[in-house]
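Data first, discussion second: the structure below is written as structure tokens.
Order of the sequence lines fixes the chain letters, A, B, ..., with proteins taken first and strands second; residue numbering starts at 1 for each chain. All values below were derived from every heavy atom in this structure, side-chain atoms included, with hydrogens, water molecules and symmetry-related copies excluded.
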Amino acid sequence: MDASVPMPRAADLLAWYDRHRRALPWRAEAGERPDPYRVWASEIMLQQTTVTAVKPYYERFMARFPTVQALARAPSEEVMQAWAGLGYYSRARNLHACAKAVMENHAGRFPDTEEGLRALPGIGAYTAGAVAAIAFDRPAAAVDGNVERVITRLFAIADELPGARPLIREKVLALLPAGRPGDFAQALMDLGATICTPRNPACGLCPWREPCRARIEGTQESFPRKAKKKAGQTRYGAAFVLTRADGAILLRTRPAKGLLGGMAEVPTSEWRADYELDGAAQDAPLPLRWTEVPQPVRHVFTHFPLELTVFTGAVPAKTPAPAGMRFTPLGRLAEEPLSGVMVKVLAAAGVKPTGLSA
DNA sequence: TAACCGTGGGT
DNA sequence: TACCCAAGGTT
């Protein structure tokens with residue numbers, strides 16, 4: 001350790017937070033205890049998702065499910081629909097399961113410890129720490145991507161993520177102030193989100209500029225260190241938008257687990273790297289004259305790009321849906337849990353769901 | 001441990 | 001354009 005570099009002090013960060021904290025819909029007023037349900041729901045929504053994307057979903061979600069009891073009692077399709085477009089749909093399934101567990105196993109109250117929270121579905125190390133600290137004033141570490149960046153820079157931790165996580169956690173615990181654990185957790189995240197940004201950090205405005213080793217070295221942007229991820233291979237497939245004469249669209253529900261689990265979709269072929277479009281007709285839900293939409297729909301998932309060729313077709317009114325599928329009236333399309341990629345497919349086919357939340 | 005799991009925005 | 005990134009969790 002270089003003795004000439006001062007130790008960072010939590011008090012300096014908290015003083016900065018008192019002047020610069022962000023006003024966010026799920027954040028209580030200074031000095032007030034927030035509703036654990038709202039803290040928890042916002043934390044789940046914010047997993048790997050930007051504040052900007054979450055805001056409108058959070059507002060709608062709270063209006064629709066004001067309490068953990070209301071959420072627990074809601075049908076799963078309604079929960080999935082409220083989440084549609086936000087991504088990482090296992091979060092929505094786990095959120096619903098967690099609400100039910102809180103009602104059935106915890107008398108409708110969230111556990112107030114990290115350990116108790118961690119045992120609930122969809123709550124991992126970060127979320128347990130965040131909810132414990134923010135909602136229950138527990139002295140817990142909430143290490144998210146922001147905190148990883150702040151801490152690796154502050155101490156110039158050159159170990160790659162995720163291997164460096166235990167050390168980062170140690171550092172955060174060592175920095176915890178005697179009081180205000182919830183504010184400290186949020187201050188650390190606010191600092192990462194507004195000052196200690198991935199690129200062009202505003203070090204001149206940082207309350208920890210003096211003790212920051214990376215700033216002293218001039219290597220701020222080289223932290224945190226992490227291995228590059230390989231890009232997945234593009235997968236291809238065909239999607240079939242079938243319109244009945246009364247305007248209804250043929251849909252089905254995807255299996256509960258896996259990619260887009262539990263979400264609604266138009267029938268498609270399998271999605272494969274070696275998919276042959278020539279045989280697409282065999283993958284159609286019904287044998288009829290399909291029209292290819294000129295421009296395929298491209299979509300990028302976390303681990304692979306997808307290119308779907310869209311086919312449109314029409315059938316007479318009163319045509320029954322094939323087994324396992326349903327015709328949804330155009331006016332009720334907005335009630336279906338349609339993923340982002342399916343909204344793109346429908347748009348490419350000229351179908352515009354009205355009032356869609358996504 | 002590493003792969004899986006969405007989507008939109010920034011550079 | 002092609003990356004990177006965002007209040008991660010599960011298997």
Sugar-phosphate, base or nothing in reach of A:Val147, heavy atoms under 4.0 Å: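 No contact at all - A:Val147 keeps every heavy atom at 4.0 Å or more from the nucleic acid.
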Touch class at under 4.0 angstrom, heavy-atom based, for A:Ile44 against every strand present: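 No contact at all - A:Ile44 keeps every heavy atom at 4.0 Å or more from the nucleic acid.
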Picking from [options], which would you name as closest to the side chain of [X]?
X	options	result
A:Lys226	B:dT7, C:dA7, C:dC5	C:dC5
A:Thr50	B:dG8, C:dA7, B:dG6	B:dG8
A:Lys228	B:dC5, B:dT7, C:dC4	C:dC4
A:Gln48	C:dA7, C:dG8, B:dT7	C:dG8
A:Val341	C:dA7, B:dT7, B:dG8	B:dT7

Residue closer to the 5' end of DNA chain C, A:Gln47 versus A:Arg199 (nearest nucleotide):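 Closer to the 5' end of DNA chain C: A:Arg199.
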Residue met sooner reading DNA chain C from 5', once A:Lys257 and A:Val143 are mapped to nucleotides: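 This one resolves to A:Val143.
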Polar side chain donor-acceptor pair, A:Glu43 to A:Tyr126, under 3.5 angstrom: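 Short answer, yes.
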Nearest-Å distance once atom P is located in both B:dT11 and C:dA7: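 Each nucleotide's P atom is 15 Å from the other's.
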Whole angstrom value for the distance that separates [atom2] of [N] from [atom1] of [X]:
X	N	atom1	atom2	answer
A:Leu306	B:dT7	CG	P	10 Å
A:Glu148	C:dA7	CD	C1'	11 Å
A:Leu95	C:dG8	CG	C1'	14 Å

Nucleic acid contacts - residues 120-132 of chain A versus DNA chain C, non-hydrogen atoms under 4.0 Å: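 The stretch gives A:Pro121, A:Gly122, A:Ile123, A:Gly124, A:Ala125, A:Tyr126, A:Thr127 as the residues lying under 4.0 Å from the strand, ordered by number.
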